[in-house]
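Reckoned from all heavy atoms, side chains included, excluding hydrogens, waters and symmetry mates. In what follows, every chain begins at residue 1, and chains take the letters A, B, ... in the order their sequences are listed.
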Amino acid sequence: MKEYDHQEIEARWQKKWWDWDIDKVGFDPSKPKCYVLDMFPYPSGEGLHVGHPKGYIATDIYSRYQKMRGFNVLHPMGWDAFGLPAENYAIKNKVHPKVAVAENIAYFKSQLKKIGFNYDWEHEINTTDPAYYKWTQWIFLKLFEKGLAYESWEPINWCPSCQTGLANEDLEDGKCERCGSMVEKKPMRQWMLKITDYAERLLADIDGLNWPESIKESQRNWIGKSEGVLVKFEITNSKSETKNPKEIEVFTTRPDTIFGVTFLAISPELAKKWLDDGWEASEEVKNFIDELLQWRATNNFKTDPEKKGLATGILAVNPANNEQVPVWITNYVLGDVGTGAVMAVPAHDERDFDFAQKYNLLISDAPLVSREEGINSSGGINTVRYKLKDWVFSRQRYWGEPIPLIHCEKCGVVSVPEKDLPVVLPEVEHYEPTGTGESPLANITDWVNTTCPKCGGLGKRETNTMPQWAGSCWYYIAYTVSEKLKSQITNSKVSDLIFNASDLNYWLPVDMYVGGTEHATRHLIYARFWHKVLFDLGYVSYPEPFTKLKNQGLVLGEDGRKMSKRWGNVVNPDDVIELYGADTLRLYEMFMGPFEQGGVWSTNSMIGMRRFLERIWRLMDKVGEVGTLNSETEVLFNQTIKKVGEDIIAFQFNTAISSLMILVNKLEELTQAPKNVFETVLILLAPFAPHLTDELWGRLGHAKSIHLQAWPKFNETKLISEQTTISVQVNGKMRGTINIKHDDGEEEVLNQLKNDPAFAKWLAKGIERAIYVPDRLINIITRPLLDDGSNK
RNA sequence: GCCGUGGUGGCGGAAUUGGUAGACGCGAUGGACUCAAAAUCCAUUGAUCGCAAGAUUGUGAGAGUUCGAGUCUCUCCCGCGGCACCA
């Protein structure tokens, strides 16, 4: 047989699969479903590097396997094309984002197709398609109508470089996650989503998810629940007729320490609020508050390493023991945590202790009481707090979904009626950010000016756009109804048809979701939030979108650094495929190591996978109609069928491949490989190396694709050999092995051992007892030697 | 600091969940084939000692449980990730 020409074979089979429509998927309630999902990419201008497809290869293998097992498998792909990366690329290259996105998608798609994925491209979606974002807008309106979207003028995170407001989730170490600029606090009008209303459910439902522990833990930390008690301290020396504060409310998780309180510490933010409400404080106090607030503003609300404080002169009463304690303004209490005021217990809290020492404050040795006694004695109220903040949902950028609201002087904020959706992103001359805090859309007056849907009077469109994450909050739903989506852009009457479709709840929830860990506290929280809202509204019938999640480990460049143009260490899959083939690439990425673990790319190491495929190619020459396996190889054969299936389910692709190699190594030793055995090997390998296996399958005389075959079954009775090798230990030390019959009992093994001269010297001392583990080992405990060297 | 996760040859990694540590692959060394090279095939390949048969040692460190520990328990050390003056 001539050489294995991967280029010719792969191109030919990719075309055949396309012509044969073998990857087409449809709603079919007669079959059990399996929804396998990849986190869809942002189609950047850079194209894919070899790290990107790792997850896609895994889901491809998984979904091919599930399909062969008889599941109706949905495994779609699409494009998350709104947002800053696409827009910045467009600005830099001076093309309209729409054009840039189309080009980038075409490139990404060509790269993906070369890898031989089984995506049904008829389910493809694109978040920037008006037919798609019509529904993103529609869901936003559902949130708005439910009171979960609201306007706010609170200071938010502003990235001076991206010139837009950001959500907490978009920050990394106080910097813009996208560009690394220091983020400022800026008061501006914002649309917020009330994700905090769902904090408890988002937290509680984590427990039931089959997700990696680290992601679940990240989400728990991010939601940051703390259970504590609210306690009120009356202020005693406040002049009753003035506007001076009358009481201070503190939040504590340690009511049991209430008798040890020696002062109250309040944040400068709370003190400022008092001043705004008319508190008559001294100049010194006012200046101190200003000083602390100034520090925080310029240091982006970071921690000041040095504790500072100033006594206010105010005294408050500890409700537990009626003792008066002084109230201090400090820089170690945060304004946006708890109530912005802390009951300080220097005896039990390190921070309070440091502060008390510095300012010579009392440190009480009052004993701890029970939690209940602390609450009862102080009249505290059990309270739950979360670190999670509401989601800043508007962006002052062009390339996002317009928020479908109209501002009317008479009627206030009004929803765009469903029949008028989508609110299409207008064409503009300049889509660069304005920097004024207004979106570029604000300049397009004939788009902005409209009529109020309620009163018919003058109305102005909301000009902020939605964040990057909006489109990905429901794309997994969109795939299930993608053909309806396309037909409905102009059809305004079918309002809820998409979200009442039976195929939607046939496919949902996603059974296997695969992507990177970087989405732990962004996309994966946002999507869960939207999903729960849709669940409450009755559109989806299961409260979680993704029941099972796997993270692929990061593929690093050959130099051990993250693949990036900057380091010049990017490997393009196209090049690898040209040289070695897509099947080799697929095998290598799965063989590199455990799927969820990262690893360093090595083009050199790929040669091993290529050799493996070539060995199979050559094994074809040894295939014969007749011929049988000896019993040992037959056992191995059955074990391999079992293991490959189990490993795919567990995402242990590296060991699945290795077990196939072991079997192939064995088959190579034969003078003739039985045809049915070889065919089974091809089927087992088909999800991993779809092109080569289909080619050989065809050469064996099959007219239909190997990918339409059923997954092979193994013979339960042929998983253990008749003859087996067990290990022999003497006093717990390995001393050799011995061949026994599979069902030999302890006595038989022991007898055989005693007659084996190889072990005579170890057993000379005499056998005290033996531990026999069937099919595993026998451990002989010898009699201890006596002082005189004898054993009797 | 709290939480999570990991640490095994020159390298990537296996190990039936307490039972032959290093499967499989890369690399390396020696050999066969070849005018030669590539490819392929065969052999060896944790370390130490030994001509050898073989012995000793070995899974981040130390203790423990057990006939037996990479695996279980305790105490540490280091890497990675999340949260963090969070009251």
K.L.:
Base contacts versus sugar-phosphate-only contacts with protein, heavy atoms under 4.0 Å: please encode nucleotides 21-29 of chain B as B, S and - from 5' to 3'.
P.N.:
S-BBSSS--
K.L.:
Would you kindly give the CG-to-C1' distance between D336(A) and rC85(B), to the nearest whole Å?
P.N.:
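For the pair D336(A) CG and rC85(B) C1', the rounded distance is 12 Å.
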K.L.:
In whole Å, what separates the C1' atom of rU56(B) from that of rG50(B)?
P.N.:
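To the nearest whole Å, 11 Å.
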K.L.:
With a non-hydrogen cut-off below 4.0 angstrom, is P212(A) in contact with a base, only sugar-phosphate, or nothing?
P.N.:
nothing
K.L.:
Which atom names give the shortest non-hydrogen contact between K389(A) and D336(A), and what distance separates them?
P.N.:
NZ-O, 3.9 Å
K.L.:
Do we see a donor-acceptor contact under 3.5 Å between the side chains of N157(A) and D170(A)?
P.N.:
no
K.L.:
Which atom pairs, one a donor and one an acceptor, fall under 3.5 Å between side chains of residues 341-350 of chain A and the rest of the protein, sequence neighbours left out?
P.N.:
{"residue": "D349(A)", "atom": "OD1", "partner": "R351(A)", "partner atom": "N", "Å": "2.8"}
{"residue": "D349(A)", "atom": "OD1", "partner": "R351(A)", "partner atom": "NE", "Å": "3.1"}
{"residue": "D349(A)", "atom": "OD1", "partner": "D352(A)", "partner atom": "N", "Å": "3.1"}
{"residue": "D349(A)", "atom": "OD2", "partner": "R351(A)", "partner atom": "NH2", "Å": "2.5"}

K.L.:
Donor-acceptor pair under 3.5 Å: do we get one between R776(A)'s side chain and the base of rU20(B)?
P.N.:
no
K.L.:
Just label rG9(B) as syn or anti from its O4'-C1'-N9-C4 or O4'-C1'-N1-C2 angle, using within 90° of 0 for syn.
P.N.:
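rG9(B): syn.
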K.L.:
When all nucleic acid strands are considered with a 4.0 Å heavy-atom cut-off, which category describes V333(A): base, sugar-phosphate, or nothing?
P.N.:
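Answer is base: heavy atoms of V333(A) come under 4.0 Å of a base.
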K.L.:
Looking at R769(A), I'd like to know whether one of its side-chain N or O atoms comes within less than 4.0 Å of OP1 or OP2 on rC67(B).
P.N.:
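Result: yes.
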K.L.:
Categorize R735(A) for me: base, sugar-phosphate, or nothing, with a 4.0 angstrom heavy-atom threshold over every strand shown.
P.N.:
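R735(A): backbone/sugar contact only, no base atoms under 4.0 Å.
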K.L.:
Would you mind reading off the distance between Y4(A) atom OH and rA39(B) atom C1', rounded to a whole angstrom?
P.N.:
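Distance check: Y4(A) OH to rA39(B) C1' gives 16 Å.
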K.L.:
Report the distance from atom CE of M609(A) to atom CG of L587(A), rounding to the nearest 0.5 Å.
P.N.:
6.5 Å
K.L.:
For the atom pair CZ (R618(A)) and CD (E668(A)), what is the distance rounded to the nearest 0.5 Å?
P.N.:
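So the gap between those two atoms works out to 7.5 Å.
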K.L.:
Indicate yes or no: does E634(A) engage K718(A) in a salt bridge with an N to O separation below 4.0 Å.
P.N.:
yes
K.L.:
With a non-hydrogen cut-off below 4.0 angstrom, is I771(A) in contact with a base, only sugar-phosphate, or nothing?
P.N.:
base
K.L.:
Could you state the atom-to-atom distance from CZ of F653(A) to C1' of rG12(B) in whole Å?
P.N.:
18 Å
K.L.:
Taking syn as within 90° of 0 and anti otherwise, name the glycosidic form of rU56(B).
P.N.:
anti
K.L.:
Could you check V342(A) against E614(A) and say which one's nearest nucleotide on RNA chain B is further toward the 5' end?
P.N.:
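Looking at the nearest nucleotide for each, E614(A) comes out on the 5' side.
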K.L.:
Once Watson-Crick and G-U wobble pairs under 3.5 Å are found, how is RNA chain B written in dot-bracket notation, 5' to 3', with | for any base paired to another strand?
P.N.:
(((((((..(((......[....)))((((((.......))))))((((....))))..(((((..]....))))))))))))....
K.L.:
NE2/H6(A) to CG/L692(A) distance, rounded to the nearest 0.5 angstrom?
P.N.:
11.5 Å
K.L.:
Starting at OH of Y386(A) and ending at C1' of rC83(B), how long is that distance when rounded to a whole Å?
P.N.:
17 Å
K.L.:
NA contact type, Q597(A), heavy-atom cut-off 4.0 Å: base, sugar-phosphate, or nothing?
P.N.:
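Result for Q597(A) = sugar-phosphate.
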K.L.:
What do you reckon, are the aromatic ring centroids of F263(A) and F355(A) less than 6.0 Å apart?
P.N.:
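Yes, they do, as the ring centres are separated by less than 6.0 Å.
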K.L.:
Base of rC83(B), side chain of K387(A) - is there a donor-acceptor contact under 3.5 Å?
P.N.:
no
K.L.:
So H519(A) and W469(A), do their side chains get closer than 4.5 Å, heavy atoms only?
P.N.:
yes
K.L.:
Is there any protein nitrogen or oxygen under 3.5 Å from a nitrogen or oxygen in nucleotides 3-9 of chain B, and what are the pairs?
P.N.:
{"residue": "rC3(B)", "atom": "O2'", "partner": "E217(A)", "partner atom": "OE2", "Å": "2.4"}

K.L.:
Expressed as a whole number of angstroms, how long is the span from D354(A):CG to rC85(B):P?
P.N.:
15 Å
K.L.:
Which part of the nucleic acid, if any, lies within contact of K216(A), taking any heavy atom under 4.0 Å across all strands shown: a base, the sugar-phosphate backbone alone, or nothing?
P.N.:
nothing
K.L.:
Taking only heavy atoms on the protein side, list every residue of residues 637-646 of chain A lying under 4.0 Å from any atom of RNA chain B, sorted numerically.
P.N.:
none
K.L.:
How long is the gap from CG on D775(A) to NZ on K741(A), to the nearest 0.5 Å?
P.N.:
13.5 Å
K.L.:
Using a 4.0 Å heavy-atom cut-off, does W762(A) contact any base of the nucleic acid, only the sugar-phosphate backbone, or nothing at all?
P.N.:
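The residue W762(A) makes sugar-phosphate contact but no base contact.
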K.L.:
Between G732(A) and A341(A), name the one whose nearest nucleotide on RNA chain B is closer to the 5' end.
P.N.:
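Residue closer to the 5' terminus by nearest nucleotide: G732(A).
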K.L.:
A cation-pi test, strictly: NZ or CZ of K387(A) under 6.0 Å from the centre of the six-membered ring of W222(A) and no more than 45 degrees from its axis. Yes or no?
P.N.:
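Yes.
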K.L.:
Of the nucleotides rA87(B), rU40(B), rG68(B), which has the atom closest to the R618(A) side chain?
P.N.:
rU40(B)
K.L.:
When the ring planes of H523(A) and F546(A) are compared, do they come out parallel, tilted or perpendicular, using 30° and 60° as the limits?
P.N.:
tilted
K.L.:
For a side chain to side chain contact (heavy atoms under 4.5 Å, CB included) with N638(A), tell me which candidate from I720(A), T633(A), N715(A) qualifies.
P.N.:
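The residue from I720(A), T633(A), N715(A) that satisfies side chain to side chain contact (heavy atoms under 4.5 Å, CB included) with N638(A) turns out to be N715(A).
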K.L.:
What donor-acceptor contacts under 3.5 angstrom involve side-chain atoms of residues 722-738 of chain A, with partners at least two apart or in another chain?
P.N.:
{"residue": "T725(A)", "atom": "OG1", "partner": "N739(A)", "partner atom": "OD1", "Å": "2.7"}
{"residue": "N731(A)", "atom": "OD1", "partner": "T782(A)", "partner atom": "N", "Å": "3.0"}
{"residue": "N731(A)", "atom": "ND2", "partner": "T782(A)", "partner atom": "OG1", "Å": "2.9"}

K.L.:
Which whole number of Å gives the distance between the C1' atom of rA21(B) and that of rU71(B)?
P.N.:
11 Å
K.L.:
Using the P atom on both, measure rG10(B) against rG22(B) and round to a whole Å.
P.N.:
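The same atom, P, in both gives a distance of 16 Å.
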K.L.:
Measuring from atom NZ of K643(A) to atom CZ of F714(A), what distance do you get when rounded to the nearest 0.5 angstrom?
P.N.:
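Reported value, rounded in 0.5 Å steps: 12.5 Å.
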K.L.:
Could you measure between the two P atoms, the one in rC3(B) and the one in rA14(B), and give it in whole Å?
P.N.:
28 Å
K.L.:
Does some side-chain heavy atom of R528(A) sit less than 4.5 Å from a side-chain heavy atom of D205(A)?
P.N.:
yes
